[in-house]
2 protein chains.
Amino acid sequence: MTVQDVRAFNRFYTGVIGALDYGRHLYAPYTLTESRVLYELAHSRQLDAADLRTRLSLDAGYLSRILNKFEEAGLVERGPSAADPRRRSVTLTTRGRETAGLLDERARETVGALLDSVAPQERPRLGEAMRTIRDLLGDERAPGPREVVLRAPRPGDLGWIVQRNAELYAAEYGWNADYEGLVARIVADFAEDHDPHLERVWIAELDGRAVGCVMCVRDEVPATARLRLLLVEPDARGRGVGDRLVRAVVDFAREAGYRDLVLWTNDVLSSARHLYQRHGFGLVAERPHRSFGKDLMGQDWRLDLHGSGV
Amino acid sequence: MTVQDVRAFNRFYTGVIGALDYGRHLYAPYTLTESRVLYELAHSRQLDAADLRTRLSLDAGYLSRILNKFEEAGLVERGPSAADPRRRSVTLTTRGRETAGLLDERARETVGALLDSVAPQERPRLGEAMRTIRDLLGDERAPGPREVVLRAPRPGDLGWIVQRNAELYAAEYGWNADYEGLVARIVADFAEDHDPHLERVWIAELDGRAVGCVMCVRDEVPATARLRLLLVEPDARGRGVGDRLVRAVVDFAREAGYRDLVLWTNDVLSSARHLYQRHGFGLVAERPHRSFGKDLMGQDWRLDLHGSGV
DNA sequence: TCCGGATGCTTGACTCAGTCAGAGATACTG
DNA sequence: CAGTATCTCTGACTGAGTCAAGCATCCGGA
């Protein structure tokens with residue numbers, strides 16, 4: 001990923017956008033800017049001229065003239081703004097709403113034609129890519145709900161768990177393929193046989209993208225549940241995803257009638273430590289071991305699901 | 001993925017591009033169009049005016065004037081085109097090359113600033129997304145090598161195999177989570193213990209993106225290798241990816257000293273059938289079974305690695 | 001309460017990127 | 001060789017967008 005790549009993309013996408021309104025058919029008899037103003041007006045209940053100016057970064061004089069033109073054509077009405085008499089509030093008339101709808105329709109068709117050129121099974125990838133770019137380049141406008149939701153795994157999610165665990169721990173701690181094998185074994189055991197009342201997997205989604213997971217399974221020790229494979233994507237950390245996942249497991253385990261909830265982790269995963277402590281887990285044992293190509297310090301943690309504190 | 005989403009992205013990206021050359025600082029003292037002309041000239045040895053016109057879809061008169069301006073400023077030289085005397089060939093002078101470099105530098109800095117606003121560990125995702133969009137929306141200009149390469153698995157790839165197998169077969173044939181478990185088990189066995197001289201996994205990449213995989217492992221039957229988990233992404237089919245993968249396994253198995261190569265598949269996977277036949281496999285048995293939530297017809301295929309024909 | 005500076009809108013004057021039409025020169029086609 | 005298309009250039013024009021000045025109002029401080 002270099003500056004070159006971004007510039008190549010910019011050139012390319014400028015072309016795409018240019019091709020879309022080839023020959024100004026799209027906005028006739030309005031300008032691109034005029035139609036952007038109409039669009040903004042149609043998509044928000046009511047705006048002041050100043051809002052339009054900042055949103056579309058237009059020259060004040062230019063906007064004023066555009067609104068004049070619209071008013072003469074009977075598309076908008078201007079009145080004093082309630083809050084500040086210097087400002088002018090702009091509202092679409094019925095006629096204006098119709099025109100905006102018309103332009104909208106035309107734009108939708110053109111973009112639809114573009115979209116038709118993409119094979120249907122590819123479109124999700126396109127959407128995902130566009131969303132990613134908006135996300136990463138900081139589109140505050142429509143980042144969506146930004147809400148973390150937990151859900152049951154869907155086909156492929158167990159594989160995703162293996163993939164992300166392996167990739168992340170390889171990148172962050174240099175763990176080797178043994179770890180990937182271990183995770184694959186764990187999800188294989190889970191997929192092949194589990195009682196949904198006693199064992200479960202959660203996927204955390206942020207804006208429709210999987211960003212975390214956790215598993216709760218029966219331990220060999222009776223009446224004991226084991227939390228496994230807790231993972232939160234680096235770029236989604238700090239949003240309480242980990243908290244939500246751990247809480248889900250704790251609640252589920254308590255609900256399911258387990259007495260204890262245990263987990264095994266390694267001391268290098270320091271951020272997880274606080275998470276576990278916050279949920280009432282206590283460190284019960286530490287043991288050095290060599291796994292995944294590294295010398296590690298394994299830790300056993302335990303939470304008494306019905307106890308009154310430690 | 002709807003037209004809405006595409007339009008939202010277009011609006012957003014228009015803003016991004018707009019923000020990049022805020023106030024024309026970027027191109028001063030030239031216009032965007034002029035600098036595009038300079039860019040084209042700087043990035044190809046030598047062009048005729050007509051080429052510039054078509055590439056940048058400019059008005060002939062407009063371009064002529066731009067070139068006049070450049071010639072007066074000593075940035076370009078015009079001469080008759082070798083092939084066609086009507087045409088004029090345009091070349092940058094040293095001075096022109098310098099100016100182009102300067103503009104380029106400025107653009108690079110601005111884009112660099114934008115890129116700095118993205119966390120380093122996110123940048124690969126951004127690049128991937130941009131490449132995807134260019135790919136899907138058909139950028140012939142720089143689609144890259146479009147070359148399929150096979151490589152060894154990296155951390156996370158085994159998880160990817162599980163994920164894509166599960167997702168694809170769930171989507172295409174409605175197979176349930178049992179299949180995901182089976183695949184996870186297979187890769188777990190492989191990851192935990194395998195002799196690299198006798199067992200191997202290949203990932204097929206197209207333009208840096210994983211689009212296929214296959215595994216070769218020892219069978220219980222002595223001197224027999226088993227091909228497993230052959231997968232090609234739907235959008236990468238028809239590029240010979242499957243062929244490359246099967247060939248890799250056949251060659252490897254023969255090289256490793258196996259006598260036979262076998263595989264198990266199901267008759268619903270009809271496109272794979274031709275692939276196997278093409279590589280000399282013969283169907284040796286068919287047996288109905290119920291797996292993955294479906295009634296299926298399992299097939300055993302075999303290839304004599306040293307035999308002379310069937 | 002009043003003053004100075006900032007903000008919001010409007011209008012006049014202007015710039016200059018981009019378009020259109022016509023003309024001269026040359027190529028291609030039959 | 002006639003007719004038509006292509007390439008380039010120039011003149012004439014359009015109109016999107018900018019800049020500056022002016023008026024009204026808001027806000028923060030003395």
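In what follows, chains are A, B, ... by sequence order, proteins preceding strands, each numbered from 1.
Salt bridge annotation for B:Asp104-B:Arg108: present, with a cationic side-chain nitrogen under 4.0 angstrom from a carboxylate oxygen. Taking a cutoff of 4.0 Å between a charged side-chain nitrogen and a carboxylate oxygen, A:Arg209 and A:Asp135 do not qualify as a salt bridge. Here A:Arg125 pairs with B:Asp235 in a salt bridge; the nearest charged N to carboxylate O distance falls below 4.0 Å.
In this structure, A:Lys69 and A:Ala83 both approach DNA chain D, and ranking their closest nucleotides by distance from the 5' end singles out A:Lys69. Take the nearest nucleotide of DNA chain C for A:Leu63 and for B:Leu63: the residue whose nucleotide is more 5' is A:Leu63.
The backbone N or O of B:Val148 sits less than 3.5 Å from a side-chain atom of B:Arg244, completing a donor-acceptor pair. Proximity of a side-chain donor or acceptor of A:Thr93 to a complementary backbone N or O of A:Leu75 within less than 3.5 Å is detected. Counting only distance, with no hydrogens or angles, the side chain of B:Thr132 and the backbone of B:Glu128 share a donor-acceptor pair below 3.5 Å.
Counting only residues at least two apart or in different chains, ring pair (Phe, Tyr, Trp, His ring centres under 6.0 Å) contacts with residues 52-107 of chain B comprise B:Tyr30-B:Phe70.
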Pairs under 3.5 angstrom, nitrogen or oxygen only, protein versus nucleotides 11-15 of chain D, please.
| unit_1 | atom_1 | unit_2 | atom_2 | d |
| --- | --- | --- | --- | --- |
| D:dG11 | N7 | B:Arg65 | NH1 | 3.2 |
| D:dG11 | O6 | B:Arg65 | NH2 | 2.5 |
| D:dA12 | N6 | B:Arg65 | NH2 | 3.3 |

Identify all pairs in which a protein N or O lies below 3.5 Å from an N or O of nucleotides 6-8 of chain D, and state each distance.
| unit_1 | atom_1 | unit_2 | atom_2 | d |
| --- | --- | --- | --- | --- |
| D:dT6 | O4' | B:Arg86 | NH1 | 3.3 |
| D:dT6 | O2 | B:Arg86 | NH1 | 2.7 |
| D:dT8 | OP1 | B:Ala50 | N | 3.4 |
| D:dT8 | OP1 | B:Arg88 | N | 2.9 |
| D:dT8 | OP2 | B:Ala50 | N | 3.1 |
| D:dT8 | OP2 | B:Arg53 | NH1 | 3.2 |

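If you take CD1 of B:Ile66 and C1' of D:dC9, they are 14 Å apart, rounded to a whole angstrom. Rounding to whole angstrom units, CZ of residue B:Arg36 and P of C:dA17 are separated by 14 Å. Protein atom CG of A:Leu58 is 15 Å distant from nucleotide atom C1' of C:dG8, rounded to whole Å. A:Leu52 has its CG atom 13 Å from the P atom of C:dG8, to the nearest Å. Between A:Leu56 atom CG and D:dT18 atom P the separation is 12 Å, expressed in whole Å.
Legend: residues meeting salt bridge (Lys or Arg N to Asp or Glu O under 4.0 Å) with A:Asp251, ordered by chain and number and at least two apart, are absent. The salt bridge (Lys or Arg N to Asp or Glu O under 4.0 Å) search around A:Arg154 returns A:Glu205, not counting sequence neighbours.
Side-chain contact between B:Cys213 and B:Arg164: absent, with no pair of heavy atoms (C-beta onward) separated by less than 4.5 Å.
Using cut-offs of 30° and 60° on the angle between ring planes, the pair B:Tyr13 and B:Phe9 is parallel.
For the OP1/OP2 pair of D:dT10 and a distance below 4.0 Å, the side-chain nitrogens and oxygens of B:Asn68 include at least one atom meeting the criterion.
Within the 4.0 angstrom heavy-atom criterion, only backbone atoms of the sugar-phosphate kind lie near B:Thr33; the bases stay farther away.
Note on the helix from C:dT1-D:dA30 to C:dG30-D:dC1: terminal axis deviation equals 30°, with five pairs used at each end and the result rounded to 10°.
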